[in-house]
Amino acid sequence: MNSMKGTVADLQLCKGQEYSSFNNQVYLPFSDTLKYCLLALAIALFLAALIILACKMRQYYAYKAKANGKEKKFISSSNGEKKPDGKILVKSLSPSFLEVARKEQDSKIELMQKEMEKLEVHLTPSPPSNESLDDLGSDSDRPLGPRGMLKFNLQYNKKSTTLTLNVIEATDLPEYSRDPFVRIRVLCKTDEPKSEVQTVLHECETRVVKNSRNPIFDEDFSFSLKEYPLSNTSIKLEVKDFDKYSRHTLIGEARRALKDLKSSETLEFNEHLQEKTKDIIGEVLISLKCLPTAQKIEVGILKFKTSSSSIIQERDVYARIDVFSNQHKQKHQKSSLRAKSKVTVFNETFLFSLPDPKKTHCLILISLYETLSTGKKLIGQTTLGNQKTKFKDDHWDMMMQTLRQPVADWHPLYI
């Protein structure tokens, strides 16, 4: 037993020596040479990574600059060349989705701009001429040059006091005439002495003849002239070119006094179309007040009167005010509806901008309309302002002499 114990003790002693020697090998520190080698390797790997990153960033910026250069070249090639008529030339590029989309968008924008310009021309009333009142009304400016001729017949039946008109044809109309028609008005002067006011007894139109410079109408019209003497009555026929936005272009007019008509006798006329003339059909009472501190002008529509009460129909009327300052059109304003009578009372005022009244060129257009089931009908128009015209406007001068005080005056209505 003692020998066995001794053997075990010897074995344990040997294992303890082995364990101590093994622990001394594990915790033995690295040498300085190995440390410096590992540090040098780490620094080399770090520098290599920096070099690779720099190369990649250089490639990225070079690619981005190249892409921007192509886009600028595309834009310059699209907008750089233009024809004299304003159409844009686009250079042929390789087909791509972006190019096709941009072309479609440009064409749509150009088409919309043209349509908006066309609508603006037709819907916005143009300012009256500085030299005359001939440009008033809902019709476009009359063109210059030969106007053509109009052929028609007139017959008066004394027993029935009926005037019969037969509009036959128009010939040699200008080249710009595409869809002509004839507007007819029967007018009668008032019995008041030295008065130029006329009454519109009847008003009608022929049908529109499409695409013709020599339209044949062949239409008959009958007008009752009871209580209206022929000596004060006349008929006016205006040949116009139809426009779907109601800005019909005036080609010319023919006017005939009826005092020479004999009973039951048909007279044929072949008249040269002349430039348009204006007729006074009533008056409107307008008030003006200048507010220099607020840089505004107050326009008041007070009353409107016609020449006769026998032809007044049960319709509503309203006034529209357009102000042009230094050739710039301000937003128009409208009055409320009033029942039409011999003297229609409005008593409404409207404010418009008027910076520096003494230097600003201002023109005010007053239009009176009556409502119809199909829309509206122009009754008459008048203008006033400080622009130099052949019609001296004392009303404006009185307003400038009495600042901040309303000044009212009557103005003739033209049609």
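One is the number of the first residue; the rest follow in order along the sequence. Bear in mind the structure is a predicted one, so any value in this text is a computation, not a measurement.
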Inter-residue atom distance Lys331.NZ - Ser353.OG, 0.5 Å rounding:
14.5 Å
Looking at CG of Leu288 and CE of Met400, how far apart are the two atoms once the value is rounded to the nearest 0.5 Å?
11.0 Å
Exam field: side chain Ser177 to backbone Leu173, donor-acceptor pair closer than 3.5 Å:
no
Flag side-chain contact, heavy atom, 4.5 Å: Leu165 against Asn153
no
Is it true that a side-chain atom of Asn326 and a backbone atom of His361 form a donor plus acceptor pair closer than 3.5 Å?
yes
At their closest point, which heavy atom of Ile168 faces which heavy atom of Glu268, and how far apart are they?
CD1-OE1, 4.4 Å
Is His202 reaching over with its side chain to a backbone N or O of Ser224, donor-acceptor style, under 3.5 angstrom?
yes
Contact check, side chains of Asp241 and Tyr176, non-hydrogen atoms, under 4.5 Å
no
Examine the side chains of Ser234 and Arg256 and answer whether a donor and an acceptor come within less than 3.5 Å of each other.
no
Short N-O contact, Glu205 and Lys240, less than 4.0 angstrom:
no
Would you find more than 12 non-hydrogen atoms of other residues, nucleotides or ligands less than 6.0 Å from Ile216 atom CD1?
no
Do the side chain of His248 and the main chain of Phe181 share a donor and acceptor less than 3.5 angstrom apart?
no
Is the shortest heavy-atom distance from the side chain of Glu203 to the side chain of Arg183 under 4.5 Å?
yes
Do other residues, nucleotides or ligands put more than 12 heavy atoms under 6.0 Å from Arg338 CZ?
yes
Ignoring hydrogens and angles, tell me if any N or O in the side chain of Thr162 forms a donor-acceptor pair with the backbone of Ser160 under 3.5 Å.
yes
Backbone N or O of Leu201 within a donor-acceptor pair of the Thr199 side chain at under 3.5 Å?
no
If we count only N and O atoms by modelled type, under 3.5 Å, do the side chains of Arg404 and Thr293 hold a donor and an acceptor together?
yes
Go through Asp409 and Met398 one step at a time and tell me if the side chain to side chain contact (heavy atoms under 4.5 Å, CB included) criterion holds.
CA-CA 10 Å; Asp409 196 7; Met398 289 189 294; 4.3 Å; yes
Please check if the number of heavy atoms outside Glu175 that lie under 6.0 Å from its CD is greater than 12.
no
Counting only heavy atoms from other residues, nucleotides and ligands, does the tally under 6.0 Å from NZ of Lys189 exceed 12?
no
If you apply the rule side chain to side chain contact (heavy atoms under 4.5 Å, CB included), what do you find for Val323 with Leu363, and how did you get there?
CA-CA 6 Å; Val323 175; Leu363 188 65; over 6 Å; no
Examine Lys376 relative to Tyr369 and say whether NZ or CZ is less than 6.0 Å from the centre of the six-membered ring and inside a 45° cone about the ring axis.
yes
Please name the pair of heavy atoms, one in Ala408 and one in Leu285, separated by the smallest distance, quoted to 0.1 Å.
CB-CD1, 4.1 Å
Is there a donor in the side chain of Glu348 and an acceptor in the side chain of Ser335, or the other way round, less than 3.5 Å apart?
no
When you compare the side chains of Thr277 and Glu253, does any donor N or O come within less than 3.5 Å of an acceptor on the partner?
yes
Verdict with supporting geometry, Val317 and Leu368, side chain to side chain contact (heavy atoms under 4.5 Å, CB included):
CA-CA 7 Å; Val317 297; Leu368 287 175; 5.9 Å; no
Mind listing the closest non-hydrogen atom pair of Leu365 and Phe324 along with its distance?
CB-CE1, 4.3 Å
The reported gap from CD1 in Ile366 to NE2 in His411 (rounded to nearest 0.5 angstrom) is 8.5 Å
Heavy-atom side-chain contact between Val299 and Thr349 under 4.5 Å:
no
May I ask you to decide if Lys276's main-chain N or O and Glu238's side chain share a donor-acceptor pair within less than 3.5 Å?
no
Using a 4.5 Å cut-off on heavy atoms from C-beta on, say whether the side chain of Asp260 contacts that of Leu267.
no
Between atom CD1 of Ile364 and atom CD1 of Ile297, what is the distance when rounded to the nearest 0.5 Å?
4.0 Å
Nearest 0.5 Å, what's the CG-CG distance between Leu39 and Leu34?
11.5 Å
Validation row: Lys358, Asp356 side chains within 4.5 angstrom (heavy atoms)
yes
Residues Phe152, Glu271; criterion side chain to side chain contact (heavy atoms under 4.5 Å, CB included); working and verdict
CA-CA 8 Å; Phe152 58 95; Glu271 299 286 337; 3.8 Å; yes
Smallest separation among heavy atoms of Phe221 and Cys204, with atom names:
CD2-SG, 3.7 Å
With a 4.0 Å cut-off, would you call Lys329 and Asp322 a salt bridge?
yes
Taking Glu298 for its side chain and Ser287 for its backbone only, find out whether a donor-acceptor pair lies under 3.5 Å.
no
Donor-acceptor pair, distance only, cut-off 3.5 Å: does the side chain of Asn386 make one with the backbone of Cys362?
yes
Within the structure provided, determine whether Phe346 and Thr344 are in side-chain contact (heavy-atom separation under 4.5 Å).
yes
Rounded distance [0.5 Å steps], CZ in Phe350 versus CD in Gln330
14.0 Å
Would you verify whether the NZ or CZ of Lys305 falls within 45 degrees of the ring axis of Trp410 while also being under 6.0 Å from that six-membered ring's centre?
yes
If you count heavy atoms of other groups shown closer than 6.0 angstrom to NZ of Lys377, is the number above 12?
yes
Should the pair Asp279-Lys236 be classified as a salt bridge under the 4.0 Å nitrogen-to-oxygen rule?
yes
Donor-acceptor pair, side chain of Thr382 and main chain of Pro412, under 3.5 angstrom:
yes
Using side-chain heavy atoms (C-beta onward) and a distance below 4.5 Å, is Val197 in contact with Ile281?
no
